[in-house]
> 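The structure follows.
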Amino acid sequence: MTVAPWPIAELHVHIEGTLETELLVTLARRNNVPLPSYNPDELRELYRFTDLQSFLDIYYANLAVLRTEDDFYDLAMAYLVRAAGAGVRRAEIFFDPQTHLANGIPLSVVFGGLTRALRDARRDLGISADLILCFLRHLGGAAALETLDAAVPFLDQFIGVGLDSAEVGFPPSLFTEVFARAGALGLHRVAHAGEEGGPDYVQEALDLLGAERIDHGIRAIEDPRLVQVLRDRRIPLTVCPFSNVSLRATPTLAEHPLPALIEAGLLVTISSDDPAYFGGYVDDNLTGIEREFGLDPHQMATLARNSFLAAFVPEAEKRRYIAAVDEHLEGLLRLISGA
Ligand code: HPA
Ligand code: ZN
């Protein structure tokens, strides 16, 4: 029996991390960019990571294949089609402009392709999607400021800023100024924190960056006082279980702190992070944790509702999405009871 996936908002996905090896090969051939292999399965075999950096090295190298507006369009559209099939009704999608700028690609090309894909997906797939511009923390605060300045002409094409890449050694405090400027521009603010870095990075992201959501945030569980702050302020954590296992932030899925985070009353959402690299999209992550932790339909519905509560959309839109979750739950319960 196949059951439709839960209606969900995907709040933590890097568009560059959705580059499947098949498309990687297509784009490499299209743009004459060398790859270690032109066999998608062989390329996927290389995805054996020991930590965040070992992943980032391959991930950034692969992005050399993205050259034209159509390349960015094809990348985003492939994700959006797959996401629509995964039950995603709303996607808030990270992108890393500094990587593309370093490859000689102007921002107008990146925005041109991504924005056109998002617009077509809204029309043709009924999926609502927006972009969040991420700063690469390993390049530091001054480079982030330069990037934000360069993106100001495209302010109508992204809804917020984020912070990603190598975490340890690059604390949120380096980015105080750029996040303040983003806030003054009316942009939403999120940050990766507590993936490999400790709970102090999560606290800094809240206090110094004004982060409205924390991406990953799993190490927050190590600090009971921080957990209380996150609970009291209803700060969402966008948790990516398959990513955490792939990058060894947790030894196994069974040992993932997700149940403890839920038990602590935190507003947890589930996302895929970099699905082309970590073995699954958001629906796969959801079924993975459902099975691993024996979550019941009511607990799954809470995770789905949380995703919409944490989304950057108007209240009326949240209510419509949440009604769809409730309807899905009722259908599931009817199916289970055989009614
Ligand atoms: N962490 C930090 N940076 C990233 C990630 C991640 O999981 N994915 C893509 N960039
Ligand atoms: Zn991420």
Side-chain angles (χ1 to χ4, degrees), residues 9-20 24 47 49-64 66 75-76 79 83 91-103 110 114 131-140 143-144 147 160-172 174-175 188-198 201-202 204-205 209 211-220 236-250 256-258 268-282 285 307 310:
E10 170 127 88
L11 306 179
H12 184 164
V13 60
H14 302 260
I15 203 61
E16 294 89 348
T18 70
L19 178 55
E20 293 287 349
L24 176 65
Y47 296 170
F49 311 117
T50 50
D51 57 10
L52 174 58
Q53 192 59 52
S54 66
F55 154 70
L56 291 172
D57 291 342
I58 295 185
Y59 165 82
Y60 292 134
N62 281 346
L63 298 178
L66 292 164
L75 172 67
Y79 164 69
E92 298 180 3
I93 304 173
F94 296 138
F95 71 113
D96 287 340
Q98 285 160 291
T99 308
H100 311 303
L101 286 166
N103 287 338
V110 179
L114 296 180
L131 296 173
I132 295 178
L133 182 157
C134 279
F135 305 114
L136 298 180
R137 54 208 315 162
H138 71 274
L139 297 181
T147 308
V161 296
L163 191 60
D164 64 5
S165 185
E167 186 181 5
V168 175
F170 303 98
L174 299 176
F175 302 91
H188 288 290
R189 288 166 288 175
V190 300
H192 283 55
E195 179 185 15
E196 285 190 344
Y201 278 31
V202 177
E204 265 192 22
L209 306 186
E212 299 162 72
R213 295 194 300 244
I214 298 293
D215 297 308
H216 294 297
I218 54 172
R219 290 197 56 196
L237 301 186
T238 64
V239 175
C240 306
F242 284 13
S243 166
N244 297 147
V245 174
S246 293
L247 303 188
R248 306 199 190 167
T250 177
H256 195 284
L258 178 76
V268 172
T269 73
I270 301 297
S271 283
S272 66
D273 207 2
D274 302 282
Y277 292 87
F278 301 148
Y281 285 75
V282 63
N285 274 269
S307 74

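We count ligands from 1, going down the list as the structure has it; atoms in each ligand are counted the same way.
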> Should F94 be listed as contacting ligand 1, given a heavy-atom distance under 4.0 Å as the test?
no
> What I want to know is whether H216 and ligand 1 share at least one N or O pair that is separated by under 3.5 angstrom.
yes
> Roughly, to 10 degrees, what angle do D273 atom OD1 and H192 atom NE2 form around the Zn ion (ligand 2)?
170°
> Looking at CD1 of I93 and CG of L11, how far apart are the two atoms once the value is rounded to the nearest 0.5 Å?
11.0 Å
> Give the residue, atom name and distance (to 0.1 Å) of the protein heavy atom nearest atom 8 (N) of ligand 1.
D274 OD2, 2.7 Å
> Under 4.0 Å from a heavy atom of H192: which atoms of ligand 1 are those, numbered in the order shown and with their elements?
1 (N), 2 (C), 6 (C)
> Is G17 close enough to touch ligand 1? Criterion: a residue heavy atom under 4.0 Å from a ligand atom.
no
> Give yes or no for whether the N/O distance cutoff of 3.5 Å, strictly under, is met between H12 and ligand 1.
no
> How far apart are the C-alpha atoms of L163 and H192, what are their side-chain angles, what is the distance that settles it, and do they pass the side-chain contact (heavy atoms from CB on, under 4.5 Å) test?
CA-CA 6 Å; L163 191 60; H192 283 55; 5.5 Å; no
> Let me check your reading of the structure: within less than 2.8 Å of the Zn ion (ligand 2), is there an N/O/S atom from H12?
yes
> Check the side chains of S272 and N285 for a donor-acceptor pair under 3.5 angstrom, ignoring hydrogens and angles.
no
> Test your reading of the structure: does S243 have an N or O sitting under 3.5 Å from an N or O of ligand 1?
no
> Do we see a donor-acceptor contact under 3.5 Å between the side chains of H256 and T250?
no
> Considering only non-hydrogen protein atoms, determine which one is nearest to atom 2 (C) of ligand 1 and report residue, atom name and distance to 0.1 Å.
S165 N, 3.3 Å
> Please test F55 against Y277 for ring-ring contact (aromatic ring centres under 6.0 Å, His included), starting from the C-alpha separation and ending with a verdict.
CA-CA 8 Å; F55 154 70; Y277 292 87; 5.3 Å; yes
> Please verify whether a non-hydrogen atom of E167 lies at under 4.0 Å from ligand 1.
no
